[in-house]
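For reference, the structure discussed in these notes is given below.
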Amino acid sequence: MSTDSDAARMELEPDALHEDEDGHWLECPRCGSPAYVVEILQEGHCRGYQDDAEAREDTDREVGCDAELGLELVWNDEE
C-alpha cells in the first residue's frame, strides 16, 4: 500500500479498538467488517475485502469491500 496523499485518514479514539479471541480490531470505515490490526499490517484490508478476481470466480457472492487499509503511527514532539 502506498502512502497516497488522496487517501482518507481518520484519527481513532481509545474506544475504537476492540479485542476478541482473534486479536485487536477496528471497524472497517468502508464496510463495517472487522479489520484486525495484524491483517491490516500483513494484507492491507479487512475481513470483508474481496478483490476483482474473487468477485469473478464467485458470481453468487455479494460484492465485498474494496478498501485498502493501512496503519500509521504519528507522534508530536512537544517541547
Side-chain angles (χ1 to χ4, degrees):
M1 180 174 194
S2 68
T3 55
D4 186 0
S5 61
D6 291 338
R9 287 180 164 56
M10 58 189 283
E11 190 170 318
L12 302 172
E13 298 295 326
D15 62 345
L17 188 62
H18 308 285
E19 183 178 11
D20 62 20
E21 62 275 355
D22 290 337
H24 292 87
W25 60 277
L26 310 157
E27 277 188 24
C28 175
R30 174 78 122 218
C31 71
S33 293
Y36 285 84
V37 172
V38 171
E39 292 173 356
I40 294 171
L41 295 173
Q42 292 176 344
E43 302 171 21
H45 52 77
C46 70
R47 291 201 170 170
Y49 183 82
Q50 181 181 19
D51 65 14
D52 290 339
E54 290 172 328
R56 284 191 298 272
E57 290 173 8
D58 190 359
T59 56
D60 294 337
R61 186 173 171 185
E62 189 174 312
V63 175
C65 183
D66 63 352
E68 293 184 18
L69 303 174
L71 295 175
E72 179 179 50
L73 180 62
V74 179
W75 70 94
N76 292 324
D77 189 16
E78 297 180 23
E79 294 179 39

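As the structure is a prediction and not an experimental result, all values here were calculated from the model.
Taking 4.5 Å as the limit, every side-chain heavy atom of Glu39 sits out of range of all side-chain heavy atoms of Asp22.
The minimum heavy-atom distance between Gly64 and Gln50, with the atom names listed, is N-OE1, 2.8 Å. The two atoms that bring Cys65 and Arg30 nearest to each other are SG-CG, 3.7 Å, heavy atoms only.
Between Cys46 and the choices Pro34, Pro29, Cys28, the side chain to side chain contact (heavy atoms under 4.5 Å, CB included) rule is met once, by Cys28.
One finds the CD1 atom of Ile40 at 11.0 Å from the CD atom of Gln42 (value rounded to the nearest 0.5 Å).
Under the 4.5 Å side-chain contact rule for hydrophobic residues, Trp25 and Leu12 do not share a cluster. Under a hydrophobic-cluster definition in which Ile, Leu, Val, Met, Phe, Trp and Tyr are linked whenever side-chain heavy atoms come within less than 4.5 Å, directly or via other members, Leu26 and Tyr36 are assigned to different clusters. Cluster membership for Leu71 and Leu69, using ILVMFWY side-chain heavy atoms within less than 4.5 angstrom, is shared.
Residues passing the side-chain contact (heavy atoms from CB on, under 4.5 Å) test with His24, sequence neighbours excluded: Leu17, Glu19, Val37.
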